[in-house]
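First the structure, in the form of structure tokens, and then the observations on it.
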Protein chains: 4
Amino acid sequence: MDRGQAPADAEALVTSGDAQHPANLIPSLCAKFWTLGWGPRLHCAVGGAEGAHEEDSQQPQQRTYLRSPPCHRPSQCTPLFLAAFERRGAGCCIHTHSQWAVLVTLLLESSSSDVFEINNIEQIKGFPRGPSRPGNLGYHDTLRVPVIENTPHEEDLTEHLEAAMDRFPDAYAVLVRRHGVYVWGDTVHKAKTQCESLDYLFQLAVEMRKLGIPWISNVPRIGPDRP
Amino acid sequence: MDRGQAPADAEALVTSGDAQHPANLIPSLCAKFWTLGWGPRLHCAVGGAEGAHEEDSQQPQQRTYLRSPPCHRPSQCTPLFLAAFERRGAGCCIHTHSQWAVLVTLLLESSSSDVFEINNIEQIKGFPRGPSRPGNLGYHDTLRVPVIENTPHEEDLTEHLEAAMDRFPDAYAVLVRRHGVYVWGDTVHKAKTQCESLDYLFQLAVEMRKLGIPWISNVPRIGPDRP
Amino acid sequence: MDRGQAPADAEALVTSGDAQHPANLIPSLCAKFWTLGWGPRLHCAVGGAEGAHEEDSQQPQQRTYLRSPPCHRPSQCTPLFLAAFERRGAGCCIHTHSQWAVLVTLLLESSSSDVFEINNIEQIKGFPRGPSRPGNLGYHDTLRVPVIENTPHEEDLTEHLEAAMDRFPDAYAVLVRRHGVYVWGDTVHKAKTQCESLDYLFQLAVEMRKLGIPWISNVPRIGPDRP
Amino acid sequence: MDRGQAPADAEALVTSGDAQHPANLIPSLCAKFWTLGWGPRLHCAVGGAEGAHEEDSQQPQQRTYLRSPPCHRPSQCTPLFLAAFERRGAGCCIHTHSQWAVLVTLLLESSSSDVFEINNIEQIKGFPRGPSRPGNLGYHDTLRVPVIENTPHEEDLTEHLEAAMDRFPDAYAVLVRRHGVYVWGDTVHKAKTQCESLDYLFQLAVEMRKLGIPWISNVPRIGPDRP
């Protein structure tokens, strides 16, 4: 993707006629996700470009931004996006405060668990097996999303996020207890659909809990073996 | 309905000034249903035309598509759409991963049931009695939607879907456990309204369960007999 | 309100440049309510004008319609609208299949009740005291909405609706068990806001029930007496 | 912000080409919040300008309005907005009948509590510590929102609102039992985001209660001390 010219004036609004340019993709994703009730705070980074619906706070600038007016300092979660970009080669990383994500971490906290696991739900097929494994998860596979504990300062999450990435090398997302979720993907499109699929599964998991249905089940396999 | 010319170039975007043309109907339905939270994966086929919000995967092409660029292979659920078109003469078939549909199949699984049944709800009147019976269901009739077990590969659902169609010759929908629902109708409009009515009933059924209200009831008939 | 000319051709689409004309008001209300999830079936009548999102069915035409093409016969609930227009002088009547309305009637059925009652909720102030009483309900007043049993044929509801209107002369709405609600108002605007307020209260009532909070409470009065 | 000229004609519609002018900000906020399901009644005041989605009622006019046609008297909650403007120097005050806010007050009533308290949720960081304290709340801080009892006449809330402001000098919001919430902020943007964050927390709190998760928890601090 053509990232275009770095603007001469850091305060200038970057514009592009290309719908795939981060200057267009990021606001469009933010607007779309906002309507889905993913909380007033949503962060999305495409490569080095970052867009925010969030109160930005103290943090040194660490790389080139698409647009970096002095009145908006880069968000605290930049190092977390960098972890996804650099460790996993992600093309896009999305951070939300989705209530379903937060509720799942609270339910897991009650059982002292630090990993969300669900299987035998069709939507699981929306996730790749992992960077080193071809294809997507199957219906009977277990999707695992690690949970890390929240820290008072978002930048302190980085080392825990990186540790979780190491512990779960095939994961495309990390939940943060009482906070939200980070989801990444190889491309903007994949990050978006994986974020949507994950939120679908978090919401389903909360409703399953309300109805007394366990997240992990043992369902017999039907149909022939296929490659 | 005029299906128009098969495009000379399989990659060309098919366009039409006719709002009822599948090239216009399908994207419009997909966009509308997306906003209803019917999951990021939604499939809709109008006759031979198919539109998708879904990761397409391996499957041989079996009939002429409205538009079939090499980069998007036909979706796995094509044989399922064909079953509706060929066995029931459906004009349109819609497949969703609606959470309400999935939750209903999970609740039925707990009671080892393979059919969703509900009666004495006004919205039931939105469904025809069946292909061989005139008119729509009445308020006191029981709407029955069979449930089939999910398979790891979507194309393997076909024989089970067809068996369910045979077992329930009057059904206009089949639930797939832990997956979603297939709904069809004689026309695009009927498929759409039946899909909406069914989702309404699935959501209502889940809420009824949360409130301890049974799906099947015995309600006395009021008013005169009418034809 | 100027109802304009009766169209010479009953099939002609009635149009008007006046935003308050029923030909504009009705589609606008229908579209708006649809997005609120009030079910795929919604009926709205303004004076003699009627718009529908509903499968119309067998019924003799009983008065002049704004537009009455032979392919769409007047809806079954016309006599119910007439009851509101003629008995209460309503300027607009709205009928929805709101799930919250249906769930409230189901919860009341469990306790063999035929009236919804709620008090001490601010939103109650959105309702007039009644046609013969000035002003709106107060915070401590009890809003009462009668419930009638559903009938297989919607036109058979009329006599029960009229009886409920007689029994509750101050009501601006009637719930229909397992079906939905009829709400009317002196003007289109009042019918719309009363319909919204009522749906708000039905949804709140269902959530209160889930949380174990009773609909009727005894809350001490605070503040001075005022006229 | 330039408030512009007071219109010579009190009935004239005030218009402005400035998107930040109250004549544009207020309708835009009202429309946005309406779609979030914050109840048909929503009030928003920017400085002396007020916009409403509410049935206005009896009350003497107490200050200059942006637009004050005789047919719409100022809303009953004007003195409440004045309390926020004058006691806290707020730039904007928003009043909603959010169902989540009402449900939180009902849950607190069951435990005879007059303050909503929640801690260890990331979204808490969206609130300032208070007018006299720099920075925002931290993750482990407890957000406190006082609850006052509702009065039959909204203007009688004023003294209770002011007393709650005195009792909780750092609060940016006051809940009204069985009624809704008042939220204010230094600017329109801050009032809007604080209102959104608070509604997020109210909804989360209701869902936590349904799932048996307490609002106040004791979570160990992780990470280094930072300024």
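Chain letters run A, B, ... following the sequence lines, proteins first and then strands; every chain starts at 1.
- In summary, of the residues considered (C:Q194, C:E196, C:H189), a side-chain hydrogen bond (donor to acceptor under 3.5 Å, both in side chains) with C:K192 occurs for C:E196 alone.
- With chain C as partner, the option from D:N150, D:L106, D:L103 having the largest number of non-hydrogen pairs under 4.5 angstrom is D:N150.
- For D:E149, the side chain to side chain donor-acceptor pair (under 3.5 Å) partners are D:R177, not counting sequence neighbours.
- Applying the ring-ring contact (aromatic ring centres under 6.0 Å, His included) definition to pairs two or more places apart or across chains, those involving residues 103-147 of chain C are C:F116-C:F202, C:F116-C:W215.
- By number of non-hydrogen pairs under 4.5 angstrom with chain D, the leading residue of C:G212, C:G135, C:P224 is C:P224.
- For C:I213, the part sitting under 4.5 Å from any heavy atom of chain D is the side chain, from C-beta outward, and nothing else.
- At a 4.5 Å heavy-atom cutoff, the contact between D:E109 and chain C is made by side-chain atoms alone.
- Under the 4.0 Å criterion applied to side-chain N and carboxylate O atoms, D:D170 and D:R144 are not assigned as salt-bridge partners.
- Contacts between D:L107 and chain C at a heavy-atom distance below 4.5 Å involve backbone atoms as well as side-chain atoms.
- For CG of D:N218, the number of neighbouring non-hydrogen atoms (other residues, nucleotides, ligands) closer than 6.0 Å is 12 at most.
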